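Structure first, commentary second.
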Amino acid sequence: MPEKITGIVTITQKSFERIVERTKNISDFSGEIKRNLNKEITQILEVILAGALNLDSSDIHIEPEEKKIKIRVRIDGVLHDVLYIELKTYRGLLSRIKLLSGIKLNITDRAQDGRFTILARGTPIEVRTSTLPSEHGETIVMRILNPKSLIEIEDLGVREDVLQAFKKEIAQPNGMVIVTGPTGSGKTTTLYAILKRIQHPEIKIITIEDPIEYHLEGISQTQVNPKKGYDFATGLRAIVRQDPDIILVGEVRDFETAKIALQAALTGHLVLSTLHTNDAAGTVARLQALGEKPINIAPAISLAIGQRLVRKVCKKCVKLEKPAEKELTKIKEELKSLAKEVKIPYLNNLKIPEAKGCKSCNFTGYRGRIGIFEFFLIDDEMENFILKSPSISDLRKMAQKKGMVTMRKDGLIKVLKGITTIEEVNRVTGE
């Protein structure tokens, strides 16, 4: 079951609108916090939370250093310094956040986790809190789980040539769809976009997560609690007995969970899950490493998705420039093997975006993020190939031979379409 939400921060419409008006960028945000540092701790925290929400921050970091305490926010996956605060203010914030989150105030020598809710403009927004002892005091990280992060499949960034195949696979009554990638690559967003699309009163959907990040109406959501013996494997066994049509498993971490999930996919359920691998082709090897056999993996998995997130160029300050000859040659070389179905802009007289920077994007040149994907479809031919226990590189080659576009190539296509920059694709995928 979900953790009990122990505290609520209610930000009135008037207060929220005032803070929104005054925090258009990081510099404004810093100034607004400074203006309120002589106020009550509750008001300082309100300004920090409302300002972070307005800037679309995913995390707030409060980090004690030797003499002062730094506040930072993560926007579009990148941390930004906001300001330094005094020790007295930090202590007040630490106590207030712990109290709201249901975290013990007198424990300072070990990590603790909790959560609380922000009510702003009538919308409940959950905040997951983590405290960690460090050299100069407890570090606080608040993860903001904003419901507006729940988006439609069409908004993920999936190319048109694979969107229909994607929709077809998630509409199947059974099989397993696995989303892969490192922490922070948008896997949960993709899974929830799938759930939003396939949710229907006539089907039963049950999830087991760690923790429940977003709440969806009409879906039974459960949360693991290892201290009480309720882990992914235990929960999944119980879920299968609840007669579900669709099961979402937050993550496949061990052999037991992998075994039950694959078996469920083979016995009439659609199973959605995530796996920590570098790319889609690594899915099979990872499941084998957990102890499963190719004979069980091959017929169960219908689709593996590899994904990362890249920042989109800021529309207010982006400049389109003609790439250098060397750069253009490299792009052409990397994209020359694409299938005819993959549509890309005409490469002659091409202009690609360059990130410049303005107040609107905190002088980064980027605003918002989008996914870059690779879709590893498992048909009869691929199933037979997996039964031979091929290496990851052989699987990748086979998938590309059958038309899979790698994440890097998908990123380069988004560069050609003016969505992101080559520098950003290189940062996320490597050159």
Side-chain angles (χ1 to χ4, degrees), residues 1-11 29-30 33 36-37 39-53 55-75 77-120 124-146 149 182-184 188 209-214 223-228 230-231 250-251:
M1 294 298 292
E3 296 164 72
K4 187 173 181 286
I5 296 167
T6 54
I8 295 175
V9 176
T10 303
I11 305 174
F29 186 27
S30 175
I33 297 172
N36 286 273
L37 285 176
K39 305 280 179 65
E40 296 286 328
I41 286 295
T42 51
Q43 196 164 335
I44 298 170
L45 181 59
E46 188 177 293
V47 170
I48 291 170
L49 294 172
L53 278 171
L55 293 174
D56 289 330
S57 307
S58 59
D59 304 84
I60 304 165
H61 294 239
I62 304 176
E63 304 166 335
E65 296 181 357
E66 191 174 357
K67 293 181 180 177
K68 287 192 175 182
I69 286 79
K70 184 192 284 184
I71 295 181
R72 301 199 285 172
V73 291
R74 190 180 294 279
I75 300 172
V78 177
L79 278 167
H80 298 265
D81 290 352
V82 179
L83 83 166
Y84 283 94
I85 57 173
E86 298 295 331
L87 187 61
K88 182 185 174 185
T89 306
Y90 159 74
R91 285 175 178 156
L93 284 171
L94 178 64
S95 297
R96 179 69 183 144
I97 291 164
K98 278 187 165 186
L99 196 66
L100 281 167
S101 308
I103 292 174
K104 291 179 180 175
L105 273 73
N106 60 339
I107 293 177
T108 59
D109 60 349
R110 66 172 185 262
Q112 295 189 81
D113 297 301
R115 59 199 298 150
F116 64 91
T117 298
I118 307 168
L119 277 179
I125 297 162
E126 290 189 34
V127 178
R128 211 163 72 216
T129 310
S130 169
T131 62
L132 186 74
S134 66
E135 187 182 1
H136 302 293
E138 290 178 88
T139 297
I140 310 162
V141 176
M142 291 177 278
R143 163 66 57 90
I144 300 169
L145 303 171
N146 199 330
S149 299
T183 303
T188 302
E209 305 168 63
D210 181 23
I212 294 170
E213 293 201 13
Y214 304 102
Q223 183 165 301
V224 298
N225 190 339
K227 289 178 184 175
K228 295 184 178 178
Y230 188 70
D231 56 17
E251 186 188 339

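One is the number of the first residue; the rest follow in order along the sequence. These figures come from a predicted structure and were not determined experimentally. Below, each value reflects all heavy atoms present in this structure, side chains not excepted, and no hydrogens, waters or symmetry copies.
Once rounded to the nearest 0.5 Å, the distance linking CG of L53 with CD1 of I48 reads 12.0 Å. One finds the CG atom of L100 at 9.5 Å from the OG1 atom of T117 (value rounded to the nearest 0.5 Å). Note: K70 NZ to L79 CG = 9.0 Å, rounded to the nearest 0.5 Å. Note: T108 OG1 to L132 CG = 12.0 Å, rounded to the nearest 0.5 Å. With rounding to the nearest 0.5 Å, the separation of CZ in R143 from CD in E126 is 13.0 Å. Taken to the nearest 0.5 Å, the CG atom of D109 stands 9.5 Å off from the CG atom of N106.
Side-chain contact between R96 and T42: present, with at least one pair of heavy atoms (C-beta onward) separated by less than 4.5 Å. Side chains of Y90 and L93 form no contact here, defined as non-hydrogen atoms less than 4.5 Å apart. Annotation: side chain of H136 is not in contact with side chain of I69 (no heavy-atom distance under 4.5 Å). Taking the side chain as every heavy atom from C-beta outward, E251 and D210 never approach each other to under 4.5 Å. The closest side-chain heavy-atom distance from K39 to V47 is not below 4.5 Å. When side chains are defined from C-beta on, M142 counts as touching F116, because their heavy atoms get closer than 4.5 Å.
Within 6.0 Å of CD in E40 there are 12 or fewer heavy atoms belonging to other residues, nucleotides or ligands. No more than 12 heavy-atom neighbours from other residues, nucleotides or ligands sit within 6.0 angstrom of NZ on K88. In E86, the CD atom is not crowded: 12 or fewer heavy atoms of neighbouring residues, nucleotides or ligands sit closer than 6.0 Å.
Closest approach of T129 and I97 over heavy atoms only: CG2-CG2, 3.6 Å. The nearest pair of heavy atoms linking P64 to G137 is CG-C, 3.8 Å. Scanning both residues, I125 and N146, for their nearest heavy atoms gives CG2-CA, 4.0 Å. Scanning both residues, R115 and P211, for their nearest heavy atoms gives NH1-CB, 3.7 Å.
Of the possible donor and acceptor atoms, one in the side chain of S30 sits under 3.5 Å from a partner among the backbone N and O of V82. Without hydrogens or angle criteria, Q112 side chain to K104 main chain gives a donor-acceptor distance under 3.5 Å. Within the 3.5 Å criterion, the main-chain N or O of G114 finds no donor-acceptor partner in the side chain of S101. Side-chain atoms of K98 come within 3.5 Å of backbone atoms of I107 as a donor-acceptor pair (strictly under, hydrogens ignored). Using a distance-only test at 3.5 Å, with no hydrogens or angles considered, a donor-acceptor pair links the side chain of Q223 to the main chain of I212.
I60 pairs in a side-chain contact (heavy atoms from CB on, under 4.5 Å) with only one of the listed residues (V141, I144, L45), which is I144.
With salt bridges taken as basic N to acidic carboxylate O contacts below 4.0 Å, one links R128 and E213.
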Criterion side-chain contact (heavy atoms from CB on, under 4.5 Å) on E209 and T188, from CA distance to verdict: CA-CA 10 Å; E209 305 168 63; T188 302; 5.6 Å; no

From CA spacing to verdict: side-chain contact (heavy atoms from CB on, under 4.5 Å), I71, F29: CA-CA 11 Å; I71 295 181; F29 186 27; 5.7 Å; no

